[in-house]
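Values below: all heavy atoms of this structure, side chains included; hydrogens, waters and symmetry mates excluded. Reminder, nothing fancy here: chain letters follow the sequence lines and each chain counts from 1.
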Protein chains: 2
Amino acid sequence: MELRTLRYFQAVAEELSFSRAAERLHIAQPALSRAVRDLEEELGTPLLARNKHKVRVTPAGAVLLRETGVLLGLAEEAARKVQRTALGQEGELRLGYIGPPTRDFLAGVLREFRIRYPRVTVILEERTPERVWEMVLKGRLDLGLTRPVTAGERLGLETLLLREEPLCAVLPSGHPLAKVEPLEWSALRGQPLIVLARREGVGLHDRVLLGCQRAGFPPTLAHTPSIVGTVLTYVESGAGIGVVPESVATLAGADTMVFKPLHPVEPVSLVLVWNREHENPVGEAFCSLVRELMAAG
Amino acid sequence: MELRTLRYFQAVAEELSFSRAAERLHIAQPALSRAVRDLEEELGTPLLARNKHKVRVTPAGAVLLRETGVLLGLAEEAARKVQRTALGQEGELRLGYIGPPTRDFLAGVLREFRIRYPRVTVILEERTPERVWEMVLKGRLDLGLTRPVTAGERLGLETLLLREEPLCAVLPSGHPLAKVEPLEWSALRGQPLIVLARREGVGLHDRVLLGCQRAGFPPTLAHTPSIVGTVLTYVESGAGIGVVPESVATLAGADTMVFKPLHPVEPVSLVLVWNREHENPVGEAFCSLVRELMAAG
DNA sequence: AGCGGTAATACCTTGTCGGTATCACCAACT
DNA sequence: AGTTGGTGATACCGACAAGGTATTACCGCT
C-alpha cells in the first residue's frame, strides 16, 4: 500500500468517477483503473462497486476513504514539520548557561527569539562553565553560554565572543580603597579577598589568582562561596573585598557597595559555544540572531 | 513521499547503518542509499548525517522518524480496518424493526451477534413495517425486520422468511368465546373488534379485515389504537375482542386474557429484508447468523 | 436504433527501482 | 606504518511496473 495508490483511490472515491478522477490526477483513465484494481487485490476486498455506469463506495471503501484522509493529511503535515525543523523554525533548543552574568543577556535574546521562532521550545540548563562545555561537547546541549576554558575541551567546538568585561573589586561604600582612582591590583595585597569557589568556575577563579600573581603578591582568600550573590553578602558584611566580573554589579541592591575595575585590566569574557558535529538548525538560528543583535547594538 | 521510502528511511534511522538496514529490508545497500538520498532531496534537507563511517540522525531526521512511526502504524491499522469491515467484523449495522412482535426475536439474535462481532455497532431503528421497507429501499437501513408488504416496494429487495404466526383473538378470561374450540372467524361477527391502526401497519390491519371478509361479514372496529399494548388494555377493560398476531401474547401480563388462533388460519409473517444494491458485509454476517440460529432451532 | 459516456482490456513505451561491480574512505589491528 | 575489513557512494545495467494509446464492451438517454 503506497501513498500514491491511496491518493488515486481518494480521487476516485471523491469524484465517484474514474475518468473525472483521472483528469484531476493528470493521468490516463486506464492507469487509474488498474491502480485501484491492484489496491483492491492487495486488500483482498472491493472498495468501489462499479455497475458499469455508476460508482459507489463499498463500506470497506468508505472506511479506507476516511483513513486515507487522515493518512495523507498526516504525511503532508510531517513533511512540513521536517522542513520547518530543518530551517530551525520548529523543535527544541537545549541551551546551557552559567548563572547571573548571562542572565540579562539571555533575557534580551530569548525574548526576541521566542517572537521569531514561536514553535521552538527552549530548554534552559544552568550549570558551571566547565559543565556547559562538557555538555556541548557530548551533544547534550545544542548551545552553551559560558566562559572560555583553558583546557583542550574545546576541540571541535565553535565559539563566538559575546562580551568582555574587566574584573572588578567590590567594596563597601565607606571602604578606604573606594576612593582610589584607578584601583590597582597591588592595592589588594594583604586584603581578605572573597572570590567565587573554584569548582564553580575554574577559569574565573584562576583569573583572579593570576591578577594577584602578576601584581606580585599571593592572594589572601577569606571566603570562596558557591554563589555570586553570597560574595556580595560577605562584602556588605565587611568580611573583605570581593573580586568579580563587572556584570555582577547588576545583582547589587542599593548603594552600599562600589564596583571598581582593577588595573591592569584582567578581562573575562562570555562566549557562545556549539558543536559542529551535532549541529542543530535551531542552534544556527539562535547564533544568527545573537550576531544580528550584537551588530545592532 | 511514499510509504516505501519512509519504511526504508525508518530502517536506516533505526539501525544507524545503511548496510544493516539493507539486509533487514532484503534489498541491496546501494538501492537504499539512493532511496534515502532521493527522500532528502525531495524534502530539501539532510535527514541522516553520515561522515563516512558513522550515521547520525539530524534533528529533521529525528522528527521524520517519529512521524514515520505513527504514519506507518496508521497505514497498517487502516488496512486491517478495511479488511475487518469487508468481513463484516467492524463497522455499523443499521437495523430497522417493527415493535413488539420482533423484540424477543431480536434480543436473542443480537445477544449472539454482539458476542461474535464485538467491533460492530448496531444501530436500531423502530418504525412501522412500511417505513422499514422504504428505508431499506433507500439504503438508509442495512437490514429490516418487518412484515411482508403487498406493494411493489420490494423491487430489488431480498427477503428471508423468519416466522409465520396465526392471527389470534384476544379475549378476557371470562368471555363466552374463550371456551370455544376451535374459534372461527365467523364467531367474531357483530363483536366489537380492536385492531392496530392501519397507519401502524397496512399489511396486518388489512389481513384482519380480509379474515372477516372471507368469513362473510364486515368487521365492527370498536377501536384502532397505535400501540399493540393498548389493544390489550382495551380487551382487559372489556371494550371488545382484540385481533393480533400470536406473538403479542408475550406482552400480556397475568392470566386475565386468552389468545385463541382464529380458523381458518390467517398467517402473518416476519421477514428479514435487505437491499442487494447497498449490500453491507455486516448485513450479510447478520443474515448468516440468523439463518444459522434458525437452523439450530 | 444510435449516440455519448462509462470503465475495462490489450498492448506498447518509458521511467524507476533494484542488483552487481567497483570505488573512496575510515578505523582498527597487526 | 601498512594492511585489512567494513562503511557508504557511484556507475552501469536489467527488469518490471507505471503510464500512455487504442480499442472494446456496456449502459443510459435521446
Side-chain angles (χ1 to χ4, degrees), chain A residues 1-43 45-58 60-61 64-65 68 72 75 155-156 276-279, chain B residues 1-58 60-61 64-65 68 72 155-156 276-279:
Chain A
M1 208 171 61
E2 291 303 317
L3 291 183
R4 185 180 49 81
T5 322
L6 291 180
R7 273 184 276 265
Y8 286 4
F9 166 75
Q10 187 186 44
V12 181
E14 282 176 5
E15 299 281 346
L16 287 180
S17 156
F18 280 74
S19 18
R20 270 202 307 280
E23 207 170 318
R24 183 173 121 186
L25 294 166
H26 303 111
I27 62 169
Q29 166 262 314
L32 189 52
S33 287
R34 272 194 311 127
V36 173
R37 178 172 50 73
D38 291 350
L39 179 61
E40 290 179 322
E41 265 170 33
E42 184 184 342
L43 292 174
T45 171
L47 302 167
L48 298 169
R50 22 222 196 279
N51 41 3
K52 279 304 175 194
H53 258 247
K54 280 210 170 50
V55 176
R56 280 185 309 105
V57 294
T58 64
L64 185 61
L65 183 58
T68 294
L72 293 179
L155 286 178
R276 181 161 284 272
E277 289 295 302
H278 299 122
E279 194 48 285
Chain B
M1 207 170 63
E2 292 302 317
L3 291 182
R4 185 181 48 82
T5 321
L6 291 180
R7 274 185 276 265
Y8 286 4
F9 165 75
Q10 187 186 45
V12 180
E14 281 176 6
E15 298 282 345
L16 287 180
S17 156
F18 280 73
S19 18
R20 271 201 306 280
E23 206 170 319
R24 181 173 125 188
L25 294 166
H26 303 110
I27 63 169
Q29 167 262 315
L32 188 52
S33 287
R34 271 193 310 126
V36 173
R37 179 171 50 73
D38 291 350
L39 180 61
E40 290 178 323
E41 265 169 34
E42 185 184 342
L43 292 174
T45 171
L47 302 168
L48 298 170
R50 23 219 194 280
N51 42 3
K52 281 301 175 196
H53 257 247
K54 281 211 170 50
V55 175
R56 282 184 309 103
V57 294
T58 64
L64 185 62
L65 184 57
T68 295
L72 293 179
L155 287 176
R276 179 162 285 274
E277 290 293 303
H278 300 122
E279 193 50 284

Undergrad: Hey, does Val57(B) have a side-chain heavy atom less than 4.5 Å from the side chain of Leu16(B)?
TA: yes

Undergrad: For Ser33(B) and dG8(D), is the shortest distance between a side-chain N/O and OP1 or OP2 below 4.0 Å?
TA: no

Undergrad: Tell me which residues in residues 23-32 of chain A put a heavy atom below 4.0 Å from DNA chain C, sorted by number, or none.
TA: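 Going residue by residue through residues 23-32 of chain A, the ones with a heavy atom under 4.0 Å of DNA chain C turn out to be Gln29(A), Pro30(A).
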
Undergrad: Near DNA chain C, which residues from residues 7-14 of chain A have a heavy atom under 4.0 Å away?
TA: none

Undergrad: At what distance, to the nearest 0.5 angstrom, does CD of Gln10(A) lie from CG of Leu64(A)?
TA: 9.5 Å

Undergrad: dT16(C), OP1 or OP2 - any side-chain N/O from Arg4(B) closer than 4.0 Å?
TA: no

Undergrad: Using side chain to side chain donor-acceptor pair (under 3.5 Å) as the criterion, list what pairs up with Glu23(A), not counting sequence neighbours.
TA: none

Undergrad: To the nearest 0.5 Å, what is the distance between CZ (Arg24(B)) and OH (Tyr8(B))?
TA: 12.5 Å

Undergrad: Under the side chain to side chain donor-acceptor pair (under 3.5 Å) test, which residues partner Arg7(A), sequence neighbours left out?
TA: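 In terms of side chain to side chain donor-acceptor pair (under 3.5 Å), with neighbours along the sequence ignored, Arg7(A) is linked to Glu2(B).
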
Undergrad: Using a cut-off of strictly less than 4.0 Å between a heavy atom of the residue and any atom of DNA chain D, enumerate the qualifying residues of residues 15-22 of chain B by number.
TA: Ser17(B), Phe18(B), Ser19(B)

Undergrad: When rounded to the nearest 0.5 angstrom, what distance separates CZ in Arg4(B) from CG in Leu72(B)?
TA: 12.5 Å

Undergrad: Of all heavy-atom pairs between Ala60(A) and Pro46(A), which one has the smallest distance, and what is that distance?
TA: CB-O, 4.1 Å

Undergrad: Taking side chain to side chain donor-acceptor pair (under 3.5 Å) as the definition, give me every residue that meets it alongside Thr58(A), ordered by chain and number, with sequence neighbours left out.
TA: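 Result, side chain to side chain donor-acceptor pair (under 3.5 Å) vs Thr58(A): none returned.
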
Undergrad: Return the polar atom pairs (N/O with N/O) between nucleotides 28-30 of chain D and the protein under 3.5 Å, or none.
TA:
none

Undergrad: Just list the side-chain donor-acceptor pairs under 3.5 Å for residues 29-44 of chain B, sequence neighbours left out, or say none.
TA:
unit_1: Gln29(B); atom_1: NE2; unit_2: Ser33(B); atom_2: OG; d: 3.1
unit_1: Glu40(B); atom_1: OE1; unit_2: Arg50(B); atom_2: NH2; d: 2.8
unit_1: Glu40(B); atom_1: OE2; unit_2: Leu47(B); atom_2: N; d: 2.8
unit_1: Glu40(B); atom_1: OE2; unit_2: Leu48(B); atom_2: N; d: 3.1
unit_1: Glu40(B); atom_1: OE2; unit_2: Arg50(B); atom_2: NH1; d: 3.2
unit_1: Glu42(B); atom_1: OE1; unit_2: Met1(B); atom_2: N; d: 3.4
unit_1: Glu42(B); atom_1: OE2; unit_2: Met1(B); atom_2: N; d: 2.6

Undergrad: Arg20(A): which residues meet the salt bridge (charged side-chain N to carboxylate O under 4.0 Å, His left out) condition with it, sequence neighbours left out?
TA: Glu15(A)

Undergrad: Tell me which residues in residues 34-44 of chain B put a heavy atom below 4.0 Å from DNA chain C, sorted by number, or none.
TA: Arg34(B)

